[in-house]
Number of protein chains: 2
Amino acid sequence: MQADNKDDMRDKILEAALKRFTQYGASKTTMNEIAEDLRCSKASLYYYFPDKNGMHQAVLQKIGETYFQEMEMEARNATSATKALFKLVEIRRSFISRFCRLELFKLLNDCSTTVQELMVAAKKREMEIHAAIIQHGVNTGEFKVEDVHKTAVLLTQAMMGLRFTVPDVVHKNNDIDVALFERVIEQQKALLEVFIKGIKA
Amino acid sequence: MQADNKDDMRDKILEAALKRFTQYGASKTTMNEIAEDLRCSKASLYYYFPDKNGMHQAVLQKIGETYFQEMEMEARNATSATKALFKLVEIRRSFISRFCRLELFKLLNDCSTTVQELMVAAKKREMEIHAAIIQHGVNTGEFKVEDVHKTAVLLTQAMMGLRFTVPDVVHKNNDIDVALFERVIEQQKALLEVFIKGIKA
DNA sequence: ATTTTGACCTTGAAACTAAAAAAGTCAGAA
DNA sequence: TTCTGACTTTTTTAGTTTCAAGGTCAAAAT
């Protein structure tokens with residue numbers, strides 16, 4: 001198999017990998033399978049990616065990018081800060097329901113430095129989106145907070161934490177269960193409601 | 001070795017086990033070591049406890065009982081609901097700093113039914129303490145909430161969740177790091193502040 | 001020159017094994 | 001009724017094997 005140019009082939013690989021990963025999970029997908037799907041040799045994959053983990057990261061980065069862009073779009077175009085914060089929860093919901101099989105969790109537990117950095121960066125970016133919306137709320141007189149940044153960190157951490165405490169038992173290896181995550185989303189909305197009241201001007 | 005009566009001996013064992021567990025961790029403590037500390041035979045321990053896990057649970061239940069009683073005392077005697085909620089955080093702080101080596105986490109991941117039930121019960125009890133204080137706040141006109149119970153669940157889950165999101169990396173096997181937990185406590189206080197504003201009458 | 005590949009090497013996770021250590025039992029003593 | 005020494009059973013650890021999957025490379029194809 002051959003693509004028109006380098007970037008095109010790289011993208012085709014990412015597409016095929018994403019399909020396999022979302023359907024069967026990343027760890028249950030072999031490099032051979034991806035190669036067979038693309039009617040190319042396994043060695044070709046290694047021409048475009050350093051290793052399987054690198055490919056997994058690239059897949060995550062790609063879909064993560066659209067996730068964050070959607071959120072950033074919302075942050076920019078929002079009229080009401082309150083509505084925007086609730087919209088973020090909805091965006092998160094639809095993202096997770098689509099990509100819950102991607103073993104985000106497994107990668108996080110890898111403890112490899114690059115992955116760790118990626119996750120920390122993602123956390124930071126999400127936090128900054130929250131900060132931007134809160135800042136907007138402060139500017140319009142909707143909110144009143146002492147320190148926008150600290151408030152955004154707190155909100156992000158509190159919302160994320162519900163992922164661990166809403167389920168009664170925390171499974172170590174399992175990826176995210178969709179039904180369970182719906183309950184997390186519900187609680188995130190409830191918390192957001194109280195939190196917003198707590199920072200209303 | 002011989003004690004005056006059955007309950008007394010049981011208590012001596014729990015005391016010795018607690019000492020070992022807090023110093024070296026439960027999994028690194030052998031039944032022989034506890035027996036040697038007490039100058040009794042290992043078999044004696046099995047006269048009072050069904051197995052090591054049962055003993056570990058009993059130790060946890062014992063110290064947990066004083067923890068909850070301290071909290072319940074605060075809930076009963078509180079004048080201001082706001083102050084009481086902040087006091088709970090302080091009680092949690094001092095409890096964790098004393099018993100962070102008890103491998104609470106390991107037991108939770110055991111997934112044995114009885115332990116799971118114990119943890120769920122503990123969660124519920126803590127939640128009910130929060131509910132009682134919030135109810136008190138509602139009665140005195142300090143707070144205004146639609147559903148006291150739901151609010152208490154939300155607050156408890158949000159506070160607990162910070163245990164997982166405040167540290168950048170979540171260690172799987174390690175027990176709680178004291179220094180890290182201080183940061184968790186700080187965020188719990190910050191969240192509580194906003195949360196309380198959000199439910200102020 | 002860049003991209004692709006078949007053939008090949010390397011690694012890591014699962015499946016055994018044996019030995020050691022710790023958990024757990026019990027008949028009988030105190 | 002409480003306790004124990006001597007005992008068995010279970011769990012943990014470390015070492016080994018194996019094989020599928022990960023990863024490499026010289027050479028071929030474009």
Side-chain angles (χ1 to χ4, degrees), chain A residues 1-17 20-21 23-60 103 105-107 109-112 114-115 172-175, chain B residues 1-17 20-21 23-60 103 106-107 109-112 114-115 172-174:
Chain A
M1 200 224 185
Q2 218 169 334
D4 295 353
N5 63 58
K6 186 157 178 170
D7 282 357
D8 197 36
M9 182 60 183
R10 199 187 126 97
D11 230 53
K12 276 194 164 57
I13 294 173
L14 284 179
E15 219 172 282
R20 280 270 174 195
F21 287 178
Q23 190 155 17
Y24 306 106
S27 59
K28 290 288 181 193
T29 298
T30 71
M31 296 300 263
N32 275 317
E33 285 168 342
I34 296 170
E36 281 160 28
D37 287 353
L38 291 164
R39 248 77 66 88
C40 78
S41 76
K42 184 176 62 169
S44 287
L45 305 180
Y46 287 93
Y47 181 74
Y48 292 96
F49 299 96
D51 51 28
K52 188 185 179 182
N53 241 307
M55 200 166 85
H56 194 176
Q57 271 177 245
V59 167
L60 251 43
E103 300 178 20
F105 169 91
K106 188 164 288 175
L107 230 68
N109 272 31
D110 251 4
C111 294
S112 100
T114 56
V115 174
K172 310 185 233 206
N173 307 319
N174 293 6
D175 52 23
Chain B
M1 198 224 189
Q2 214 167 337
D4 295 352
N5 63 56
K6 186 157 178 172
D7 282 356
D8 198 35
M9 183 59 183
R10 200 187 125 97
D11 230 53
K12 276 194 163 58
I13 294 173
L14 284 179
E15 216 172 286
R20 280 268 175 195
F21 286 178
Q23 191 154 16
Y24 306 107
S27 59
K28 289 287 180 196
T29 298
T30 71
M31 296 299 263
N32 274 317
E33 285 168 343
I34 296 171
E36 281 160 27
D37 287 353
L38 291 164
R39 249 77 65 90
C40 78
S41 76
K42 183 177 61 166
S44 289
L45 305 181
Y46 286 94
Y47 181 74
Y48 291 95
F49 298 96
D51 51 30
K52 188 184 178 183
N53 242 306
M55 199 167 87
H56 194 175
Q57 273 177 246
V59 168
L60 251 42
E103 300 179 20
K106 189 164 287 175
L107 230 66
N109 272 30
D110 251 3
C111 293
S112 99
T114 56
V115 175
K172 309 185 236 207
N173 307 319
N174 292 7

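- With a 4.5 Å cut-off on side-chain heavy atoms, B:Q57 and B:F49 do not count as touching.
- Between the P atom of C:dG6 and the CG atom of A:L45 lies a distance of 12 Å, rounded to the nearest Å.
- Within the 4.0 Å cut-off from OP1 or OP2 of D:dA21, not a single side-chain nitrogen or oxygen of A:T30 is found.
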Quiz item: Given B:D11 and B:Y48, is the side chain to side chain contact (heavy atoms under 4.5 Å, CB included) satisfied, shown in steps?
Solution: CA-CA 10 Å; B:D11 230 53; B:Y48 291 95; over 6 Å; no
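- Note on A:S44: every side-chain N or O is 4.0 Å or more away from OP1 and OP2 of C:dT4.
- Not a single salt bridge (Lys or Arg N to Asp or Glu O under 4.0 Å) links A:D51 to another residue, sequence neighbours left out.
- Applying the side chain to side chain donor-acceptor pair (under 3.5 Å) criterion to A:T30, with sequence neighbours excluded, gives no partner residue.
- The nearest whole Å value for the distance from the CE atom in A:M9 to the P atom in C:dT5 is 7 Å.
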Self-check item: Worked verdict on A:C40 versus A:M9 for side chain to side chain contact (heavy atoms under 4.5 Å, CB included)
Solution: CA-CA 11 Å; A:C40 78; A:M9 182 60 183; 4.3 Å; yes
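- In this structure, B:K12 atom NZ and D:dT2 atom C1' are separated by 15 Å, rounded to whole Å.
- Between A:Y47 atom OH and D:dA27 atom P the separation is 18 Å, expressed in whole Å.
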Any N/O pairs under 3.5 Å between the protein and nucleotides 23-25 of chain D? List them or say none.
| residue | atom | partner | partner atom | Å |
| --- | --- | --- | --- | --- |
| D:dG23 | OP2 | A:Y46 | OH | 3.1 |
| D:dG23 | OP2 | A:K52 | N | 2.8 |
| D:dG23 | N7 | A:K42 | NZ | 3.1 |
| D:dG23 | O6 | A:K42 | NZ | 2.8 |

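- With sequence neighbours left out, B:Y46 forms a side-chain contact (heavy atoms from CB on, under 4.5 Å) with B:M31, B:K42.
- Between the CZ atom of B:R39 and the P atom of D:dG5 there is a distance of 14 Å, rounded to whole Å.
- Note on the helix from C:dA1-D:dT30 to C:dA30-D:dT1: terminal axis deviation equals 40°, with five pairs used at each end and the result rounded to 10°.
- Rounded to an integer number of Å, the gap from B:N32 CG to C:dA21 C1' is 10 Å.
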Quiz item: Which is it for B:K52 and B:L45 under the side chain to side chain contact (heavy atoms under 4.5 Å, CB included) test, yes or no, and what are the steps along the way?
Solution: CA-CA 9 Å; B:K52 188 184 178 183; B:L45 305 181; over 6 Å; no
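- Remark: A:A26 engages A:F21, A:H56, A:E103 in a side-chain contact (heavy atoms from CB on, under 4.5 Å) (not counting sequence neighbours).
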